[in-house]
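Reading through the structure tokens given below for one structure.
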Amino acid sequence: MKAGRCLQRLAISLLSLTLTLGAAGVQAQTQSQEDAIVLSVLAYRPQSAMQQQYRPLTEYLSDRTGLRFRLVVQDQESMSRAIAANQVDFFLTNPSHFLLIRSERSLTGVLATLLRDWHGQTTGSIGGVIITRADRADINRLEDLKNATIAAPGTHFLGGYQAPALELESAGVKVRRSSKVIYLGNHDRVIRAVVSGDTDVGFIRTGVLEDRLVDNPDLAEILKVINPQDLRGYPFQVSTRLYPEWPLVALPHVDSRVVRRVASALYALEPGDPAARAAGLAGFAPPADYQSVEDLARALRVAPYDQSPRVTWLDVLNQYRGWVLTVGILLALLVFTTVWLGRQRRQLAQEERRQRELIAGWPQPMLMLDGSELVDCNRAAVDLLRYTSEASFLGKGLAAFSQSIQPDGEIASQKLDALLRRVQLGDMVTTEWVYLRSDNSEVWVDMTLAPVYVHGFDTPAVLCSWYDITRRKEAEERMRLAVRVFENAREAIFITDSHGVVIDVNDAYQQITGRDRQECIGSLPPMPIDEGSAILIAARKHGVWTGEFRSRSREGRRLILNLTLSSVFDEHKDLTHFVGVFSDITRLKESEKKLRTMAHYDALTGLPNRVLFAERLHQSMAQARRHGYQLGVIYIDLDEFKPVNDAFGHDAGDELLIEMGRRMRTVLREEDTLARLGGDEFAAIAVNVDGDEALEALLDRLLAVVVEPVWVADHSVAVSVSVGYTLYPQLEELDADQLLRQADQAMYQAKREGRNRYCGFSENLS
């Protein structure tokens with residue numbers, strides 16, 4: 001009675017929704033395909049998966065034979081009817097179903113046997129797999145299946161029923177007597193039934209479990225295989241002995257020339273062909289021997305070997321005429337009553353089925369509550385919360401699937417009780433609600449609760465509908481987060497219109513520029529003065545522009561800013577805004593400048609150090625080679641520097657070095673380089689010199705300026721220098737270190753000759 005009330009309430013609620021939303025008509029157009037060759041494939045998995053798997057094979061046959069093939073995926077009953085009506089030309093099915101069709105129709109025989117491929121391993125055999133949940137500690141052997149609930153796709157599935165049934169018969173378990181077998185139509189439903197716990201055990205064919213593990217690796221932890229067989233070289237898990245794979249059969253009405261062309265195309269199918277890869281095939285082989293399948297069907301006494309000799313009606317009539325007449329009258333009355341009752345039930349069932357189909361197929365999640373208890377729901381509601389079946393909902397309340405504390409701070413169960421009381425008083429309420437999916441993830445819905453009145457019932461049922469608003473809520477949260485980031489970021493952020501005029505700034509922007517928000521809005525952002533419009537053009541063209549430039553704050557403080565300017569486009573790819581982010585890198589640049597100075601210049605004299613001297617020497621050598629002039633490398637060492645340092649102290653020595661560097665720098669030209677190598681040693685590069693004479697004239701001036709007295713530490717001191725030099729290029733190619741060593745050797749020769757002089761490098765120096 002309770003189920004009847006629910007059905008009536010569902011019917012009225014759907015009628016109300018239908019009147020509200022309006023009627024929608026769908027007009028289907030069909031195209032005649034009488035000239036196409038029909039290949040029918042048994043649907044041992046869902047229709048969509050089979051279509052995707054075998055459509056490339058039909059396309060391959062069409063291309064290979066020059067004929068037009070059409071793929072039809074059918075269950076066993078539909079395929080048998082289509083074959084009986086000559087609506088199929090070729091069919092591919094499991095061996096057990098093939099035997100059944102062969103017993104009912106005249107066939108020409110098997111055209112080819114399918115070869116399956118799994119990661120490079122080829123097999124032409126099929127077996128059965130017995131699966132159960134991994135947490136079922138009570139089911140580990142075949143003997144444990146006695147009295148178990150078993151899911152199978154159907155009785156005429158070789159791997160999905162007959163092969164496992166024979167193994168159980170051999171183990172003493174009479175499947176059809178001691179167990180309850182439920183037939184679900186395909187292997188995927190069998191796996192779902194076992195995973196959800198609706199059945200204890202499932203029968204599937206080999207290869208299906210491996211296919212499902214590719215899509216859902218978690219099944220390896222959820223399921224286990226009973227009676228696993230260790231068959232060397234066989235790529236799939238199996239619980240039974242093996243039998244020949246699926247046959248591909250041609251119907252007798254097909255022209256023999258077409259059959260030969262199809263057979264040739266099938267045998268030519270290579271494992272690497274896209275059609276073979278899509279169907280998981282390695283190709284087709286000549287027909288296998290299906291005698292073992294016949295023996296299996298006979299052992300199980302399944303169709304077509306389930307018939308036994310029967311007594312004819314003529315025999316019965318001759319022996320039991322009176323009883324037959326009486327039974328006939330009773331049967332006629334029974335048939336009349338049955339037909340009348342059946343017609344009434346069919347009408348009621350059709351109406352109920354129509355209503356249920358409307359609910360089940362409705363894209364919006366819908367549920368029906370009797371009081372606070374769920375009594376029905378559609379598939380959309382189950383999918384939204386990611387459960388496996390409607391049974392997971394029935395008998396529970398909405399609070400069982402709700403987050404315990406709703407975002408407004410109220411307790412879910414208390415808030416639901418208040419809402420349901422309002423609905424039972426006749427109100428329709430709408431509210432936002434947070435549910436928890438089966439994986440504990442949150443889903444936001446816009447929930448509507450409406451009363452459903454049924455004649456004869458005082459208390460209305462409650463129709464609950466959900467509208468998923470999770471994406472909207474996530475977008476709102478991202479927007480709030482973006483606003484917080486915009487307001488609290490330490491980098492300056494600004495937004496402009498498509499012409500570069502500022503329309504919004506954050507606090508960091510105001511702090512760096514020294515301007516308040518009102519002054520910033522409507523003005524141009526900081527940009528290089530000479531590149532402002534070019535930057536906007538570059539950002540518009542490339543999507544982003546990044547660079548550094550100098551600017552000033554409102555108080556006149558010099559700034560160096562690092563700016564990234566990005567373009568923002570709408571859904572039509574039209575530019576709407578620019579977003580800029582810049583930071584003040586003034587201190588960073590000053591630090592970099594100090595570090596570069598410390599790395600390349602002598603701290604005492606301010607002259608280039610040894611590192612910078614080596615870099616400039618390499619550059620000068622390259623320029624000399626490129627432009628064809630000579631350069632001189634000069635090595636300078638102060639004479640009698642140590643006595644001055646010892647007599648007057650290190651401060652006096654430092655003053656002397658500074659003064660000597662200044663004097664020598666005045667002698668050299670602007671393009672020349674003078675460096676302090678360390679201690680009292682200096683080096684110089686004289687570029688574009690005209691031979692030894694021009695260089696020696698320069699060195700004469702250098703010696704003259706150095707020997708002039710220097711006033712240090714309240715004393716007048718006089719020092720001299722010993723100078724060695726060499727020219728580049730030479731007959732042999734030298735590197736910078738060799739040139740400096742040559743000048744060093746020449747400098748030591750000048751010291752040996754008496755100091756206060758210069759000496760050029762020659763090969764005779766020792």
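Taking the side chain as every heavy atom from C-beta outward, M447 and C464 approach each other to under 4.5 Å. Between Q74 and Q87 there is no side-chain heavy-atom pair separated by less than 4.5 Å. You'll find the side chain of Q76 reaches within 4.5 Å of the side chain of N94, heavy atoms only. The side-chain heavy atoms of W466 and V443, taken from C-beta on, include no pair separated by under 4.5 Å. Counting heavy atoms from C-beta outward, Y467 and V445 have side chains that stay 4.5 Å or more apart. Looking at heavy atoms from C-beta onward, I101 lies in side-chain contact with F91 at the 4.5 angstrom threshold. Side-chain contact between L281 and D117 is absent, with no heavy atoms from C-beta onward closer than 4.5 Å.
Looking at every heavy atom in both residues, M79 comes nearest to T93 through SD-CB, 4.0 Å. When all heavy atoms of Q53 and R116 are compared, the closest pair comes out as NE2-NH1, 4.4 Å. Nearest heavy-atom pair across N186 and Y44 is CB-O, 3.2 Å. In terms of heavy-atom proximity, D439 sits nearest to S441 at OD1-OG, 2.6 Å. Closest approach of D89 to A36, counting heavy atoms only: OD2-O, 3.9 Å. When all heavy atoms are compared, the tightest approach of A278 to P56 is CB-CG, 3.5 Å.
Every ring-ring contact (aromatic ring centres under 6.0 Å, His included) that F393 has, sequence neighbours left out, goes to Y387, F401. For the salt bridge (Lys or Arg N to Asp or Glu O under 4.0 Å) test, no residue two or more places apart in sequence or in another chain qualifies with K224.
At distances below 3.5 Å, at least one donor-acceptor pair connects side-chain atoms of R277 with backbone N or O atoms of G272. Side-chain atoms of D144 come within 3.5 Å of backbone N or O of R141 as a donor-acceptor pair. The backbone N or O of L142 lies less than 3.5 Å from no partner atom in the side chain of N227, so there is not a single donor-acceptor pair.
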side-chain contact (heavy atoms from CB on, under 4.5 Å), that's the test. Do L166 and R241 meet it? Break it down for me. CA-CA 9 Å; L166 182 62; R241 66 200 75 181; 4.2 Å; yes
Derivation and outcome, side-chain contact (heavy atoms from CB on, under 4.5 Å), residues I126 and W246: CA-CA 8 Å; I126 180 178; W246 284 22; 4.0 Å; yes
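Applying the 6.0 Å contact sphere to CD of Q291 captures more than 12 heavy atoms from other residues, nucleotides or ligands.
Under the 3.5 Å distance criterion, with hydrogens and angles disregarded, no donor-acceptor pair is assigned to the side chains of T240 and E167. Donor-acceptor pairing under 3.5 Å is recorded for the side chains of S80 and H97. For the residue pair Y290 and T113, a side-chain donor N or O sits within less than 3.5 Å of a side-chain acceptor on the partner.
Using cut-offs of 30° and 60° on the angle between ring planes, the pair Y161 and F203 is tilted. Note on ring orientation: taking the six-membered ring where Trp is involved, the planes of Y435 and W433 are tilted (angle from 30° to 60°).
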Distance-only check: which donor-acceptor pairs under 3.5 Å involve side-chain atoms of residues 187-197, not counting sequence neighbours?
residue : atom : partner : partner atom : Å
H187    : ND1  : R205    : N            : 3.4
D188    : OD1  : R45     : NE           : 2.8
D188    : OD2  : R45     : NE           : 3.4
D188    : OD2  : R45     : NH2          : 3.1
R189    : NH1  : L184    : O            : 3.0
S196    : OG   : R192    : O            : 2.9
S196    : OG   : A193    : O            : 3.2
S196    : OG   : D198    : OD2          : 3.0

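Exactly one of L251, I37, V249 qualifies for a side chain to side chain contact (heavy atoms under 4.5 Å, CB included) with F90. That residue is I37.
Looking at E442 and K473, no side-chain N of the basic residue comes within less than 4.0 Å of a carboxylate O on the acidic one, giving no salt bridge. Salt bridge annotation for E476-R472: present, with a cationic side-chain nitrogen under 4.0 angstrom from a carboxylate oxygen.
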